[in-house]
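As structure tokens, the structure follows; a few thoughts come after it.
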Amino acid sequence: MKVKTILVSQPEPKVENSPYFEIQHKLKVKVDFRPFIHVEGVSAKEVRAQKIDLNNFTAIILTSKNSIDHFFRVAEEMRYKVPETMKYFCQSEAVAFYLQKYVVYRKRKIYVGQKEFADLSPLIKKYKDEKFLLPASDQLNDDVPQTLNALKVNWTPGIFYRTVMSDLSDLKDVYYDVLAFFSPTGIKSLFKNFPEFKQNDTRIAVFGSTTQKEALDHGLRIDIMAPTPDTPSMTMALEKYIQEVNKAK
């Protein structure tokens, strides 16, 4: 069956040159965006209840833009002035670049990994005597604590925000040829909103092994998988699949 409509379970990209828009134009398909999950901040009171005192830390490990936003939000709520001596360990260049929203780059000690969390290991190991805070969500990837524990550094995880399933009730009678998922929680949100969901002819696209596992655990058939050596991104995987099925007679 040909693909004419795609629902991407993420917010619509803010950049005009997004690969999704290129797919839409190039392959003449309709691409809609709708977050199946969203993030809600945890109050400063709840952070204190985790026995976290921001004064006790000399370094912050930042894994995402959300971790940056919610660390500085909580710091402001606590009336904590982040010292210029604070060290920032950012998982990727994109995270480090976003940090400029809150700090003057040239005046701060910022250390940047390549992409994966494990890439930060040599940098963290070099400063192993620091007291690290990891502001994160309630759904922390297993590789993060495993990596930090293996380094034997003094680190504290803090839940600064939560991943919450969105209300999708308005999509009840809407049909898409492809649903694209990026996290296990996105799959859970689908079934929380639509417990009787039947896949039928709907193609399921998943990004990452944990999302794949969640989809399979819910009895879904996976038609499009990323990343792979041939298709390292979701958009590349979608484009390859659509080109194949839409040209078939």
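The figures that follow rest on heavy atoms only: side chains count, while hydrogens, waters and symmetry mates do not.
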*From CA spacing to verdict: side chain to side chain contact (heavy atoms under 4.5 Å, CB included), Ile204, Gln199*: CA-CA 8 Å; Ile204 299 293; Gln199 183 171 358; 3.2 Å; yes

*asked:* If you apply the rule side chain to side chain contact (heavy atoms under 4.5 Å, CB included), what do you find for Cys90 with Leu99, and how did you get there?
replied: CA-CA 9 Å; Cys90 301; Leu99 185 59; 4.0 Å; yes

*Apply side chain to side chain contact (heavy atoms under 4.5 Å, CB included) to the pair Val112 and Ile110, showing each step before the final yes or no.*
CA-CA 7 Å; Val112 186; Ile110 298 168; 4.1 Å; yes

*Could you check Gln139 against Thr185 for side-chain hydrogen bond (donor to acceptor under 3.5 Å, both in side chains), going step by step and ending with a plain yes or no?*
CA-CA 9 Å; Gln139 298 184 23; Thr185 317; 2.6 Å; yes

*asked:* Run Asp167 and Ser169 through side-chain hydrogen bond (donor to acceptor under 3.5 Å, both in side chains) and show every step you take.
replied: CA-CA 6 Å; Asp167 178 7; Ser169 54; 3.0 Å; yes

*Could you walk me through whether Phe21 and Glu12 pass the side chain to side chain contact (heavy atoms under 4.5 Å, CB included) check?*
CA-CA 10 Å; Phe21 301 143; Glu12 183 170 342; 3.7 Å; yes

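Contact annotation: the side chain of Thr147 approaches that of Ser121 to within less than 4.5 Å [non-hydrogen atoms, C-beta and beyond]. Counting heavy atoms from C-beta outward, Val29 and Ile23 have side chains that approach closer than 4.5 Å. Side-chain contact between Ile159 and Gln50: present, with at least one pair of heavy atoms (C-beta onward) separated by less than 4.5 Å. Considering only heavy atoms from C-beta on, Asp177 stays 4.5 Å or farther from Ile6 through its side chain. The shortest distance between side-chain heavy atoms of Val31 and Leu7 does not fall below 4.5 Å. The side-chain heavy atoms of Val74 and Pro135, taken from C-beta on, include no pair separated by under 4.5 Å. Counting only heavy atoms from C-beta outward, the side chains of Ile224 and Val206 never approach each other to under 4.5 Å. For the pair Ser183/Ile37, a side-chain contact is recorded, criterion being any heavy-atom separation below 4.5 Å from C-beta on.
To the nearest 0.5 angstrom, Leu238 atom CG is 11.0 Å from Asp223 atom CG. Residue Met86 holds its CE atom at 11.5 Å from NZ of Lys81, rounded to the nearest 0.5 Å. The structure places CG of Leu190 at 8.0 Å from CG of Leu168, a figure rounded to the nearest 0.5 Å. Arg48 contributes atom CZ, which lies 8.5 Å from atom CG of Leu54 (distance to the nearest 0.5 angstrom). The OG1 atom of Thr156 sits 12.5 Å away from the NZ atom of Lys51 when rounded to the nearest 0.5 Å. Ser9 contributes atom OG, which lies 11.0 Å from atom CZ of Arg34 (distance to the nearest 0.5 angstrom).
Taking all atoms of both residues into account, the shortest heavy-atom contact from Ala180 to Met234 is CB-CE, 4.1 Å. Summarising the geometry of Gly158 relative to Ile52, their closest heavy-atom pair is CA-CD1, 3.4 Å, with the distance given to 0.1 Å.
In this structure a side-chain-to-backbone donor-acceptor pair under 3.5 Å is missing from Asn200 to Thr202. Judged purely by atom type and a 3.5 angstrom limit, Ser189 uses its side chain to pair as donor or acceptor with the backbone of Phe36. A donor-acceptor pair under 3.5 Å is absent between the side-chain atoms of Asn246 and the main chain of Lys2, judged by distance alone. With hydrogens and angles ignored, the 3.5 Å screen pairs a side-chain donor or acceptor of Asn193 with a backbone N or O of Ser166. Proximity of a side-chain donor or acceptor of Glu76 to a complementary backbone N or O of Arg73 within less than 3.5 Å is not detected. The backbone N or O of Met1 sits less than 3.5 Å from a side-chain atom of Arg203, completing a donor-acceptor pair.
The environment of Tyr80 atom OH is dense: over 12 non-hydrogen atoms of other residues, nucleotides or ligands sit within 6.0 angstrom. Annotation: Gln100, atom CD; neighbour count of heavy atoms from other residues, nucleotides and ligands within 6.0 Å is above 12.
Cluster membership check: Phe160 shares its hydrophobic cluster with Ile60, using side-chain heavy-atom separations under 4.5 Å among Ile, Leu, Val, Met, Phe, Trp and Tyr. At a threshold of 4.5 Å between side-chain heavy atoms, the hydrophobic network of Ile, Leu, Val, Met, Phe, Trp and Tyr places Val164 and Ile187 in two separate groups. Criterion: ILVMFWY side-chain heavy atoms under 4.5 Å apart, direct or through other members. Under it, Phe197 and Ile222 are part of a common hydrophobic cluster. Hydrophobic clustering (ILVMFWY, side-chain heavy atoms < 4.5 Å, transitive): Phe33 and Met236 are in distinct clusters. Follow the hydrophobic side-chain contacts under 4.5 Å out from Ile68 and you reach Met78 in the same cluster.
Between the side chains of Glu214 and Thr211, no donor-acceptor pair is found at a separation under 3.5 Å.
A side chain to side chain donor-acceptor pair (under 3.5 Å) check over residues 13-30, counting only residues at least two apart or in different chains, returns the pairs Lys26-Glu239, Lys30-Asp32. The salt bridge (charged side-chain N to carboxylate O under 4.0 Å, His left out) contacts involving residues 117-139 comprise Lys87-Glu130, where partners must be two or more places apart or lie in separate chains. The ring pair (Phe, Tyr, Trp, His ring centres under 6.0 Å) pairs that include a residue from residues 205-240 are Phe191-His218, where partners are two or more places apart or lie in different chains. For the ring pair (Phe, Tyr, Trp, His ring centres under 6.0 Å) condition, the pairs that include at least one residue of residues 44-75, sequence neighbours left out, are His70-Tyr161, Phe72-Tyr102.
Leu123 shares a hydrophobic cluster with Ile61, Phe89, Tyr111, Phe117, Leu120, Ile124, Tyr127, Phe132, Leu134, Leu140, Val144, Leu148, Leu151, Val153, Trp155; the chain of contacts runs through ILVMFWY side chains whose heavy atoms sit under 4.5 Å apart.
Here Lys65 does not pair with Asp69 in a salt bridge; the nearest charged N to carboxylate O distance is not below 4.0 Å.
The salt bridge (charged side-chain N to carboxylate O under 4.0 Å, His left out) check on Asp201 picks up nothing, with sequence neighbours excluded.
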